[in-house]
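Heads up: the structure comes next, in structure tokens.
All heavy atoms count here, side chains included; hydrogens, waters and symmetry mates do not.
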Amino acid sequence: MTSRPDLEAETTTSAVPASENTAPEELTNTRKVFVRTYGCQMNVYDSERMTDVLAPEGFKATDDMEDADLVILNTCHIREKAAEKVYSELGRIRKVKEARSKSGKEMMVGVAGCVAQAEGEEISRRAPIVDLVVGPQSYHQLPELLSKARQGSKIVETEFDIDAKFNHLSANAEKPVLKRPPSAFLTVQEGCDKFCTFCVVPYTRGAEVSRSVAQIVTEAERMASAGVREVTLLGQNVNAFHGEAQDGTTWGLGKLLRRLSEIDGLDRLRYTTSHPRDMDDDLIDAHRDLKTLMPYLHLPVQSGSDKILKSMNRRHTRDDYFRLIDRIREATPDIALSGDFIVGFPGETDQDFEDTMDLIRRVEYGSAFSFKYSQRPGTPGATMDDQVPEDLKSERLAQLQALVSEQQKAFNASRLGMTCDVLLEKKGRNPGQLVGKSPWLQPVQLDAPESLIGSVQAVEIVEIGPNSLFGRLNAGQDERDDAGAIQAKAG
């Protein structure tokens with residue numbers, strides 16, 4: 001499995017918007033649900049689907065935990081000590097639950113996601129306030145499980161029934177919806193068969209399973225009709241997608257992207273995260289052929305050392321990766337490449353680390369995500385000899401991040417003076433400011449009327465910030481190249 005861009009980010013808190021499937025009259029006397037989402041984009045998608053599932057039961061999302069009748073922690077197990085962070089949060093929730101109980105108000109507590117899958121019964125034992133534990137493949141059963149929990153049962157549901165979840169999502173996708181944000185996630189594949197020695201995902205998400213083409217198209221059409229202009233396809237190994245089509249054939253990701261590009265109103269497509277071994281010719285050709293497929297690719301390599309790659313069970317070499325990058329850039333010269341790097345994997349020597357730095361210099365990334373190796377219980381890496389000292393990991397990580405930062409600044413600087421299509425997604429911090437995304441996934445800030453949210457506009461990049469681009473609306477809407485950039489006019 002390859003880690004997604006924000007998979008190892010610090011815990012984030014968000015309440016998912018009220019379900020689009022809930023009619024206003026159903027919300028008159030609703031109960032409220034607070035969902036705290038940790039980790040990756042797939043968890044964000046899963047949290048949104050949880051609120052969809054709960055809406056017919058009378059639940060509306062809230063940003064205020066103290067006002068919630070149901071609190072769900074949707075957890076991620078990638079970070080070191082992830083389970084302990086969940087137990088710490090449950091300690092804080094216990095106090096809120098006790099305060100509500102004193103005033104005669106119910107609060108049920110659920111733990112979902114990958115920590116739920118990994119810990120199971122241990123969560124109920126260590127945190128008695130938890131009413132139900134639900135693995136990432138079982139959240140479609142939330143209404144039934146909540147009903148059982150209200151009757152006094154302690155629920156632990158961690159079966160790997162991915163097909164059942166996908167079937168439920170497909171049925172839900174046929175319901176009419178209200179307006180959605182301009183950009184949305186859509187899970188097309190889950191699980192992992194790669195068994196990298198540092199990764200817990202095969203044990204928490206199960207084997208690779210792909211949704212059917214019809215299920216995905218139906219949900220994407222529903223999103224487009226609700227105002228979504230950009231869809232990011234998600235999977236633990238999204239480019240290993242092998243979905244069944246209506247004629248019984250199996251489609252790869254390239255063919256799926258071609259079908260989705262035909263949907264009216266869906267102007268942009270992205271996908272994450274990919275494994276180098278699953279990047280086939282058809283998918284590379286899709287980057288060349290589809291204007292809707294944005295010129296950005298997150299393709300983690302993890303290490304530049306063949307010895308470490310073998311120890312990680314990545315099953316590709318650094319030269320394999322170089323050849324793949326060459327093919328991708330030949331098809332899409334202006335593509336922005338992103339990667340993941342783990343420093344300090346067991347046995348990593350100074351030369352192994354230098355091999356990684358050399359790979360980064362040669363590839364020249366537009367962005368990258370890097371982490372110190374942390375031992376994940378139950379994975380082969382956790383028991384390997386030659387664990388690297390923490391201070392050496394920190395030193396190497398600082399060097400690597402400095403190099404990546406230089407490359408990111410250089411890539412961003414190359415956009416200065418360019419006019420490109422920007423999807424305007426939301427209001428900015430300042431009055432009259434909007435924030436959007438460039439084709440290369442860079443945040444772009446500009447002054448524009450709120451009425452333009454949800455539209456794709458030609459924007460001239462006039463300034464480069466540390467983490468964002470700054471632009472201004474450009475009236476010229478022609479002469480775009482295949483990457484969505486508009487060539488400067490002479491004179």
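- A donor-acceptor contact shorter than 3.5 Å links the side chain of S303 to the backbone of S305.
- Ion pairing of K307 with D352 is present here, as a side-chain N (NZ or NE/NH1/NH2) and a carboxylate O approach within less than 4.0 Å.
- For the pair R49 and Y45, the cation sits on the ring face: its NZ or CZ lies under 6.0 Å from the ring centre, inside 45° of the axis.
- Remark: aromatic rings of F345 and F371 are distant, center separation not under 6.0 Å.
- To the nearest 0.5 Å, atoms OH (Y296) and CZ (R268) are separated by 13.5 Å.
- Ring centroid separation for the pair F341 and Y365 comes in under the 6.0 Å cut-off.
- Rounding to the nearest 0.5 Å gives a distance of 9.5 Å between OG1 of T232 and CG of L186.
- Test E364, Q407, R329 against L337 for side chain to side chain contact (heavy atoms under 4.5 Å, CB included) and you get one pass: R329.
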Tell me, with the steps shown, if Q351 and T349 meet side chain to side chain donor-acceptor pair (under 3.5 Å). CA-CA 5 Å; Q351 183 58 55; T349 64; over 6 Å; no
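- Both cation-pi conditions hold for R415 and W440: the charged atom is under 6.0 angstrom from the six-membered ring centre and inside a 45 degree cone around its axis.
- Side-chain atoms of L256 and Y271, non-hydrogen and from C-beta on, never get closer than 4.5 Å to each other.
- For Q246, the CD atom sits in a loose shell: 12 or fewer heavy atoms of surrounding residues, nucleotides or ligands are nearer than 6.0 Å.
- T75 places a side-chain N or O within 3.5 Å of a backbone atom of A112 that can act as its donor or acceptor partner.
- D306 and R318 make their closest contact through OD1-N, 2.9 Å (heavy atoms, listed as atom of the first residue, atom of the second, distance).
- A salt bridge is defined here as a Lys NZ or Arg NE, NH1 or NH2 lying under 4.0 Å from an Asp or Glu carboxylate O, and D320 with R277 fails to meet this definition.
- For the atom pair CZ (R327) and CD1 (I284), the distance works out to 4.0 Å, reported to the nearest 0.5 Å.
- Applying the 6.0 Å contact sphere to CG of D319 captures more than 12 heavy atoms from other residues, nucleotides or ligands.
- Taking OG1 from T187 and CG from L234, the interatomic distance works out to 4.5 Å, rounded to the nearest 0.5 Å.
- Under a 4.0 Å N-O distance rule, the pair R323/E330 does not qualify as a salt bridge.
- The pair E406-R361 does not meet the salt-bridge criterion, since no charged nitrogen lies less than 4.0 angstrom from a carboxylate oxygen.
- Rounded to the nearest 0.5 Å, atoms CG (D193) and CD (Q236) are 11.0 Å apart.
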